[in-house]
Amino acid sequence: MDFRFLGETFMTLLAALPLTLYLALVSSICGALGALVLALMRLSSARPLSLIARAYVFVFRGTPLLIQLFLIYYGLGQFRPSLQMLGLWPFFRDPIYCTIAALAMNTAAYGSEIVRGGLAAVPRGAVEAAIACGMSPGLRFRRVVLPLATRIALPAYGNELIVMVKATSLASTITIMEVTGIAGKLIAETYRTMEIFACAAAIYLLINFVLTRLVLTLEWWMSPDRTTRRVLEQIGETKVKVTA
Amino acid sequence: MDSYDLLFGGGRWWIPLSEGALTTVTIAASGFVLGAIFGSALALMRLGGNAVARRLADIYTTTLRGIPDLLVIYLLYFGGSGALGLIGGFFGATGFIGIPTFATGALALGVVSAAYQAEVFRGAFKAIARGELEAGRACGMSGPAMFRRIVAPQALRFALPGLGNVWQLILKETALISVVGLVELMRAAQVGAGSTRQPFLFYLSAFVLYLVITSISGRLFARAEAICARPYRRA
Amino acid sequence: MTLMTSTRQNEPSAMPLPNDERPKKIEIEGLRKSFGKIEVLKGISLEACQGDVVAILGASGSGKSTLLRCLNFLETPDAGTLSICGERITMPASAKGRMIQVDRQTLIRIRTRAAMVFQSFNLWSHMTVLENVIEAPIQVQRRPRAVCVAEAEAVLARVGLAEKRHTYPAMLSGGQQQRVAIARALAMRPEVLLFDEPTSALDPELVGEVLTVMRSLADEGRTMLVVTHEMGFARHVSSRTVFLHQGLVEEEGPSADVFANPKSERFRQFIRRIEV
């Protein structure tokens with residue numbers, strides 16, 4: 001085995017890591033906000049709002065992310081004059097912005113279903129107790145509903161974050177040289193598929209490992225009761241063993 | 001030419017687009033079947049008593065679920081071509097030998113979806129009430145008979161919702177196969193977009209077609225689930 | 001409950017035969033079973049002749065369910081001799097923790113001759129009532145389908161569920177499910193029926209219908225081993241009662257005698273606790 005080549009490849013790919021992380025982070029944050037808004041729209045009593053949210057989720061979950069990305073980056077390019085007039089062209093000309101937009105819009109759709117599940121799973125009694133204390137709807141949502149729902153939705157949302165990290169690789173199809181982009185370029189140049197694949201895979205597994213640990217820690221931090229904490233600690237330990 | 005003419009009139013672009021859609025469904029189905037085969041093998045490894053097999057299946061699942069599918073496609077396409085190149089070189093051929101993109105794509109979808117299908121099958125097996133297996137044993141059924149008569153029909157029913165999700169996932173993943181040049185729906189839209197300079201029209205058409213395919217198959221799975229759920233419905 | 005008031009006038013029809021001339025259906029000698037370090041059965045001996053209805057009583061953890069499960073080989077005993085409907089099997093002492101494998105044909109014979117009814121019914125949820133009942137006769141005993149269906153309809157009528165034959169278990173009440181399970185056991189034409197706490201998972205108002213079926217089976221002269229908490233059944237229906245304590249037989253004898261003057265202090269306390 002050519003360790004020197006492996007090392008060099010790993011370093012080259014590592015140089016692209018910040019870009020991958022940047023894409024994942026920004027789109028996840030925007031996507032999470034979108035998910036919350038969509039979930040609230042979906043649950044609202046105003047019919048048009050919930051219908052719009054449903055249609056949005058249906059469309060974005062029913063089509064491949066790649067075509068969403070191409071539609072935004074290449075498709076909207078067709079309307080360059082109008083976009084220039086509106087002053088939006090600098091945004092849609094930039095592949096990074098377009099990637100972030102596509103990823104965020106996509107994860108908002110999936111995330112909203114998770115958030116909706118979390119909100120729906122908040123025990124009715126907890127809300128009633130809040131009403132009985134005289135909390136206003138806003139206060140109730142902020143102090144009781146949202147914390148409980150977040151805790152319930154967190155594990156599933158953790159999975160969605162991993163999906164997001166993997167999805168950043170699609171940016172390579174619109175000329176962005178993040179980790180997968182570099183890996184693809186190296187493979188096409190050198191044909192040393194296996195080594196390059198192994199390095200790139202290791203980087204993604206590392207990101208996802210850290211991400212899993214972060215989510216577990218967050219869950220632990222958000223579960224005040226000891227039993228849940230102990231279970232989470234055990235999960236954490238087995239996770240370490242499996243991956244190591 | 002306006003959009004309508006381009007697609008359905010003189011442009012006749014609806015033909016390659018629908019051919020592409022057909023390829024998308026075909027390759028998704030092939031990947032799904034391959035994934036079901038690999039997936040059940042993985043599920044058996046994870047449920048079985050052999051610790052090494054269990055660990056191997058665990059590693060497979062964790063890895064495949066943690067790395068981008070594009071990387072897997074690159075690996076199989078370039079790796080497969082490389083292997084073919086080696087064999088070709090032995091016979092005197094030189095340079096890059098492309099391997100069939102359909103086979104690569106189906107294999108990639110199978111390899112990736114196996115990790116998900118294994119989880120679905122494992123969960124479905126675990127959902128079967130242990131007492132029902134015990135009752136089978138108490139009646140004198142053999143292991144294979146219990147699998148055939150009690151486990152398989154119920155596991156399939158419990159797996160159906162999960163399999164529906166995996167199928168939708170695979171349908172959407174097929175778009176990635178376009179990067180190695182297979183002319184499925186995504187690639188067909190790219191070709192149309194390139195040669196007519198109307199990217200928005202073509203990507204939107206493909207977008208709508210994907211939506212049609214996923215929603216039809218979603219309906220079908222819901223129907224199948226409703227039929228299979230009948231025995232379990234309470235009065 | 002009606003069973004409490006009934007007397008033992010309707011003795012099993014096989015009773016006229018003197019005790020020693022009736023064929024022995026079940027003979028257990030020195031049965032032992034451990035789970036890990038815990039020894040659940042510490043050498044149990046027991047007999048049941050044709051037509052006997054044996055009630056097996058005991059506090060939870062006394063080993064009564066394990067005993068029953070050993071008779072069907074759902075658990076493999078560690079040591080002892082079992083003779084079930086003429087099949088005699090001696091378990092070797094498992095000094096090295098090794099268990100013998102009973103060969104498959106013997107196992108089928110034992111399991112179809114000593115049919116099991118479970119506490120939690122364990123009906124196959126993906127099959128209709130009728131399919132549940134004909135499954136083992138067709139698939140295991142390989143009897144012709146038409147015969148099995150006809151017999152299944154008869155046993156379903158017997159437990160009062162003929163009209164439910166095309167429904168799925170999920171739509172039945174617990175009492176109905178247990179009666180289907182009894183029909184499923186009867187369909188194998190067993191020589192012995194093993195009941196593992198058949199009424200413990202039922203709501204109180206559903207217990208009666210299951211006990212009625214079981215009592216009619218007893219009246220028919222069927223050989224039955226019943227692990228139960230229903231003292232009324234043990235006292236008034238069963239011909240013999242066995243009381244287990246910590247893996248050993250603590251008290252045993254004809255039910256009338258045993259309940260009239262229990263020899264063991266533990267059994268006396270047990271009756272008092274349960275029947276309050």
Side-chain angles (χ1 to χ4, degrees), chain A residues 20 58-79 106 159 162-163 165-173 178-181 183-184 186-188 190-194 196-198 200-209 211-212 238-239 241-243, chain B residues 24 55 58-59 61-83 85-86 96 112 168-169 171-179 185-186 189-190 193-194 197-218:
Chain A
T20 292
F58 172 73
V59 166
F60 276 85
R61 295 214 313 173
T63 49
L65 174 58
L66 190 62
I67 197 134
Q68 292 162 14
L69 181 62
F70 273 45
L71 201 52
I72 292 173
Y73 183 63
Y74 293 117
L76 292 182
Q78 203 178 318
F79 307 110
N106 187 272
N159 284 341
I162 290 178
V163 171
V165 170
K166 290 164 62 177
T168 55
S169 66
L170 296 201
S172 65
T173 60
E178 40 62 76
V179 174
T180 302
L186 287 179
I187 289 175
T190 62
Y191 287 113
R192 300 178 76 160
T193 317
M194 206 51 221
I196 298 162
F197 171 81
I203 289 178
Y204 280 104
L205 287 177
L206 201 69
I207 303 175
N208 288 332
F209 173 69
L211 189 59
T212 316
T238 49
K239 275 264 158 57
K241 277 192 219 131
V242 166
T243 321
Chain B
T24 288
R55 176 57 58 85
D58 259 351
I59 291 174
T61 318
T62 326
T63 311
L64 266 288
R65 295 213 293 193
I67 58 174
D69 308 325
L70 262 183
L71 272 180
V72 178
I73 294 170
Y74 286 150
L75 172 75
L76 291 175
Y77 183 66
F78 289 103
S81 302
L86 274 180
F96 182 81
V112 171
Q168 300 283 22
L169 199 79
L171 269 179
K172 287 174 262 171
E173 304 270 271
T174 55
L176 299 185
I177 315 287
S178 62
V179 300
L185 182 49
M186 181 77 210
Q190 273 173 284
R197 312 219 159 223
Q198 296 250 36
F200 189 78
L201 172 68
F202 278 88
Y203 291 133
L204 190 66
S205 309
F207 188 86
V208 171
L209 277 171
Y210 275 116
L211 205 55
V212 169
I213 297 170
T214 51
S215 51
I216 288 177
S217 45

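Every value quoted in this text rests on a predicted model; they were computed, and no experiment measured them. In what follows, every chain begins at residue 1, and chains take the letters A, B, ... in the order their sequences are listed.
- Tested against Thr193(A), the residues Phe78(B), Tyr74(B), Tyr77(B) include a single side-chain contact (heavy atoms from CB on, under 4.5 Å) partner, Phe78(B).
- In this structure, OG in Ser169(A) is found 7.0 Å from CG in Leu176(B), a value given to the nearest 0.5 Å.
- Contact tally against chain A (heavy-atom pairs below 4.5 Å) for Leu211(B), Leu171(B), Val212(B), Thr214(B): the top residue is Leu211(B).
- Note that the CG atom of Leu205(A) and the CZ atom of Arg65(B) stand 12.5 Å from one another [nearest 0.5 Å].
- With sequence neighbours excluded, the residues forming a salt bridge (charged side-chain N to carboxylate O under 4.0 Å, His left out) with Arg192(A) are Asp2(A), Glu195(A), listed by chain and number.
- Contacts of Gln190(B) with chain A are made by side-chain atoms alone, with heavy-atom separations under 4.5 Å and no backbone atom involved.
- Counting only heavy atoms from C-beta outward, the side chains of Leu170(A) and Leu70(B) approach each other to under 4.5 Å.
- The closest side-chain heavy-atom distance from Tyr210(B) to Pro64(A) is below 4.5 Å.
- What you find for Thr180(A) and Pro68(B) is that their closest heavy atoms are OG1-CG, 3.9 Å.
- Nearest heavy atoms, Ala200(A) versus Leu71(B): CB-CD1, 3.7 Å.
- Rounding to the nearest 0.5 Å gives a distance of 5.5 Å between CG of Leu75(B) and CE of Met194(A).
- Between atom CG of residue Asn208(A) and atom CD1 of residue Ile67(B) there is a gap of 10.0 Å, rounded to the nearest 0.5 Å.
- For Thr168(A), no part lies under 4.5 angstrom from a heavy atom of chain B.
- For a residue to count as touching a neighbouring chain, one of its non-hydrogen atoms must lie under 4.5 Å from one of that chain's; by this rule Leu71(A) touches chain B with backbone and side chain alike.
- For Thr63(A), the parts lying near chain B are the backbone and the side chain together; criterion is any non-hydrogen pair under 4.5 Å.
- Across all non-hydrogen atoms, the minimal contact from Lys166(A) to Leu64(B) is NZ-O, 4.1 Å.
- Once rounded to the nearest 0.5 Å, the distance linking OH of Tyr203(B) with CD1 of Ile67(A) reads 7.5 Å.
- When side chains are defined from C-beta on, Lys172(B) does not count as touching Leu66(A), because their heavy atoms never get closer than 4.5 Å.
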Using distance only, find each side-chain donor-acceptor pair of residues 72-79 of chain A under 3.5 Å and give its atom names and separation, not counting sequence neighbours.
{"from": "Gln78(A)", "atom 1": "OE1", "to": "Phe200(B)", "atom 2": "N", "distance (Å)": "2.5"}
{"from": "Gln78(A)", "atom 1": "NE2", "to": "Gln198(B)", "atom 2": "OE1", "distance (Å)": "2.8"}

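- Using a 4.5 Å cut-off between heavy atoms, Thr63(B) touches chain A through backbone and side chain atoms alike.
- Using a 4.5 Å cut-off between heavy atoms, Ala183(A) touches chain B through its side chain atoms alone.
- Summarising the geometry, atom CG belonging to Leu204(B) is positioned 15.5 Å from atom CZ belonging to Phe70(A); distances are rounded to the nearest 0.5 Å.
- Of the two parts of Val59(A), the backbone and the side chain both hold a non-hydrogen atom closer than 4.5 Å to a non-hydrogen atom of chain B.
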